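Only one structure is covered here, and it is reproduced in the block below.
Every value quoted in this text rests on a predicted model; they were computed, and no experiment measured them.
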Amino acid sequence: MGATGLIDLICLYHCLRRWVLQVIPLFKKLGATGLLIEYEDMFPYYGDLEEVASQHAYSKEAIYRIQQLAEENSLIIIPLVQSFGHFEFVLKHEKFRSLREVPNYPMALCPSNPGASFSGRKRPDRHRNEAASSSYSDKTDDVTQEAILDFGTVIMQINMVTEVPDLDQMFKLTQQEQDLILEEWDEEMDTSEEDEISLDDQKMKKELNDKSKNSRYLRMTSFHGIQKRKLPSYNMREEVVSVVNSSQVTVISGETGCGKTTQVPQFLLDDCIQKGQGSKCHIICTQPRRISAVSVAQRVADERAEACGKGNSVGYSIRLERETPRSKGSILFCTTGILIKYLESDPSLIRASHIIIDEIHERDLLSDFLMIILKDLLPKRPDLKIILMSATLNAEQFSKYFNNCPKLNIPGFTFPVTEYRLEDVLEMTKYTPPPAKKKKVRHGPKFKQDRDEADLNQWNMDAWCRNLEGYSRQTIQSLKDMDLELIDLDLIHSLIRHIVYKLEEGAILVFVPGWEQISKLHKLLNNDRMFTSGKFKIIPLHSLMPTINQKEVFNRPPPGVRKIVIATNIAETSITIDDVVFVIDCGKIKVKDFHPEQNMTTLEAEWVSRANARQRRGRAGRVQAGHCFHLFTSLKETELRDYIPPEILRTRLEELCLQIKLLKLGKIEPFINKAMEKPSLQAVHKSIAMLQNLQALDEDENLLPLGYHLARMPVDPQSGKMILFGAMFGCLDPVCIVAASLSFKDAFYIPLGKEKEADRTRVRLSEGSQSDHIMLINAFQGWERSKARGNDRQYCYDNFLSGNTLKLLADMKRQFAELLHDLGFVANRDPRDKEVNINSDNIGLVKAVICAGLYPNVAKLTSVPRSMEKSPNLTLHDGQKVAAHPKSVNANEKVFMSKWFVYHTIMKTSKIWVYDMTGISPYALLFLEGKSARKNNYG
């Protein structure tokens, strides 16, 4: 696009401004809520912002101003085909479909080809405004008439207001006039519009300066300001702003507590406002977790003495919840998934001036995906600033990925922490561990590598022990005797007693891998009389615990009471417990991994990385000097990985593949190969094959209609397919309950000491259906009924359910229905609407729909153990042996109605378990899957 295209943009911009000033007030008097604008040849570039931005330096500014006008004045700008009769294009257009329930949204028709006078295109004989003023029956077809009636849209001609000049005259420009427009734009358009933007900037600057006189701001400053001035980041403000302004990409690293998350976005915003450029500053800061996005936004808003959202300078947006800030001069905290969602409608992220990706060192899947997109976007958006905020260990890696961009390091803000290793703990506690069990030696060439590795490890251990100085013989012998791979809960118990007797006051935080260790250690402490007195408060912390229990960890106990928190790695980054002085790090963490060759996910305890150990140490020095006890040797510490491998290397990739196709990012494999670390080709090919089997992609990786709908669903592809089938077969509400629970989490929690009672409750709620999914439906619908009666709290208590999780699942269910409505699958946004639930009471059909969604995840029952402690055994289509997970309602079942089951996932922990399973009729397999069901061999 050359100068002509730029002039088109500028003219459209001026045209919109005149409409804003003169036409919209009239429309509002007629009861309109906004204005829908059609464009044709005049502005074919609007739909391809990337091309516009790459062709002309000033085009971005024009588009930015157009978008701001549209956003602030309820204008919706959509493309139409040239012929007025082809109104069906509008019906298919996503933005127009969303107006279906808004009858008071008039449509204004631009004249066709207004730029033809200087672009070489032939001008049509009749002007669109003339056509619009004629009888519509002469100029439109049946589709148009039906559309007008269906949508309740009033079609109005632009020149009905005589003050608005005729657009044809406006765009009939001589070459001299074109040159003049470009010259004025080149001088940054010293017009009334510039005055308007300057007024916005002046207003923001005045508001910022006036805060120094605001009593609330002064109170917040007196509370937060002392802390802010202590933060290392506070003293680096000028350096941070200078480096970011002079570079397109910046890596800012810093230890926990340095203040980078809350302060850096404010530095950048305040700098722009003080320079009179606040209106062009819109900072989007991503967070890997919902709770982080909300809590950080609220903290920053507090520091600025503002309410979060509500048109102020700070807001947040997470799935199903948002408090949006003003459109100009603002900071938006959001989850990474929300920013990726923005890319669907704004592929060049024109809405953003700065993108901050926080906690990038965690390397979650969406952050790695976003980094690929942003790296490709940089040449097209030279004005965009990208800031990556990371822990200190791998900042160099991110800098190298972004062409050796500059790095800044902000020192941490923690008190000194004394670290101890396993040999130190054994020495101070005098603990004698039980001798390790002799491991069986596997013979044969197949296991030679395992034997060699075990021999090398033993040799290294013996050599290390011989050279260990300053430790007693008992400690050295204990190191030789104990099984260093196991978590010794008795040692942790002994260490806690040592801390209580020998060291100062302060809360104790114990890191263990999972629920099993939490439960056993909790029981161990409660069986010790010392800890059953009122002097101790023992709090387990796990995602399966009730929310009220999780909140207890933040409360400081009364004087004389010591808090002991037993937690998984949720306490590493997601939350901060301020009064912790002692950390016990068992050295293990549960890591989820995906093995494409077996098509299996594993969740096993592995050694922590150096980054994990460092994060855990940092939890001990928040309020005073602390102590961290690592239950691994200094020898093992030298062998630890720097980081847990990024999620993109250890997870299924189907959802990522769908997003690549939805955002039109090209072929899947070449795109993924641009990642900082590439997943295996086998994992990529497995994901593509699965999507092709689902009929989401064709053989050339083109997105099929089903694939498009699945990509729009905020769930995994199989759950998305289940939702679509639920809509088509008239059982939407129960299926949405299942999909929400599978994609987020079910609402059940596990109370310590009442695990068996909770298991019996789930079996009762299944009502003999032999289905974990039907159990979820019954539990949720029971909550809805009890809520209508006003006794939902008691219902949740009696059935071990989390009320907060149920509310979130209800919101997700409503979101699914709204999305189906927008896609045209259902006529009502209510998931409980009778028309889409005529078969919801048919349990057999609901099971069949679940089967259709989860296929080919099918297992065949092979044996039922007599013991009540053992779960039924099943076989997958590839011959793999699995078992029903102990939490399944089928775990203790002995008589089954069918030998066929569908399941949501399999995962290897202590053994290979099937999760979320439903017994189904073989006819459902045959009817819904046909030949493909008969081809599989289940032994």
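With rounding to the nearest 0.5 angstrom, the NZ atom of Lys385 is 13.0 Å from the CD1 atom of Ile356. Of the inter-residue distances, the one linking Glu362 atom CD with Ile644 atom CD1 reads 12.0 Å to the nearest 0.5 angstrom. Separating the CG atom in Leu524 from the OG atom in Ser519 is a distance of 11.0 Å, to the nearest 0.5 Å. Between Glu604 atom CD and Met907 atom CE the span is 10.5 Å, to the nearest 0.5 Å. The CD1 atom of Ile360 lies 7.5 Å from the CG atom of Leu370; values are rounded to the nearest 0.5 Å. The line from CZ of Phe531 to CZ of Arg562 is 9.0 Å long, rounded to the nearest 0.5 Å.
No side-chain donor-acceptor contact under 3.5 Å links His361 and Tyr643. A side-chain donor-acceptor contact under 3.5 Å links Gln397 and Glu677. For the residue pair Gln298 / Tyr316, no side-chain donor-acceptor distance below 3.5 Å is found, with atom types taken as modelled. Under the 3.5 Å distance criterion, with hydrogens and angles disregarded, a donor-acceptor pair is assigned to the side chains of Ser472 and Glu427.
Heavy atoms of other residues, nucleotides or ligands lying less than 6.0 angstrom from CZ of Arg322 number 12 at most. In this structure, Lys535 places its NZ atom where only 12 or fewer heavy-atom neighbours from other residues, nucleotides or ligands lie under 6.0 Å away. A 6.0 Å sphere centred on NZ of Lys590 holds more than 12 heavy atoms belonging to other residues, nucleotides or ligands.
Proximity of a side-chain donor or acceptor of Glu419 to a complementary backbone N or O of Arg617 within less than 3.5 Å is not detected. When atom types are taken as modelled, the side chain of Glu647 and the backbone of Leu365 share a donor-acceptor pair closer than 3.5 angstrom. A donor-acceptor contact shorter than 3.5 Å is absent between the side chain of Thr651 and the backbone of Ile648. Of the possible polar contacts, none joining the Arg363 side chain to the Pro645 backbone as a donor-acceptor pair under 3.5 Å is found.
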Original post:
Do Asp811 and Glu321 pass the side-chain contact (heavy atoms from CB on, under 4.5 Å) test, and can you show the C-alpha distance, the side-chain angles, and the key distance before you say yes or no?
Top reply: CA-CA 9 Å; Asp811 288 340; Glu321 185 181 344; over 6 Å; no

Original post:
After noting the C-alpha distance and the side-chain angles of Glu516 and Lys520, does the key distance pass the salt bridge (Lys or Arg N to Asp or Glu O under 4.0 Å) rule?
Top reply: CA-CA 6 Å; Glu516 181 183 359; Lys520 288 181 178 179; 3.0 Å; yes

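At least one test fails for Lys908 against the ring of Trp913: distance under 6.0 Å to the centre or angle within 45° of the axis.
Salt-bridge annotation for Glu303 and Arg299: present, with a side-chain N of the basic residue lying under 4.0 Å from a carboxylate O of the acidic one. Salt bridge Arg289/Glu359: absent, no basic N to carboxylate O contact under 4.0 Å. For the pair Asp270 and Arg304, the salt-bridge criterion is met [side-chain N within less than 4.0 Å of a carboxylate O].
Under the 30°/60° scheme for interplanar angles, the aromatic rings of Phe632 and Trp607 are found to stand perpendicular. Under the 30°/60° scheme for interplanar angles, the aromatic rings of Phe800 and Tyr749 are found to stand perpendicular.
In terms of heavy-atom proximity, His522 sits nearest to Ile538 at CD2-CG2, 3.7 Å. The shortest heavy-atom contact between Ala293 and Thr335 is CB-N, 4.3 Å.
Partner Glu606 forms a salt bridge (charged side-chain N to carboxylate O under 4.0 Å, His left out) with one of Arg641, Arg650, Lys592 and no other, that one being Arg641. Under the side chain to side chain contact (heavy atoms under 4.5 Å, CB included) rule, Leu374 has a single partner from Val249, Leu339, Ile357, Leu388, which is Ile357. Partner of Leu631 under the side chain to side chain contact (heavy atoms under 4.5 Å, CB included) criterion, chosen from Leu426, Asp488, Ile584, Asp585: Ile584.
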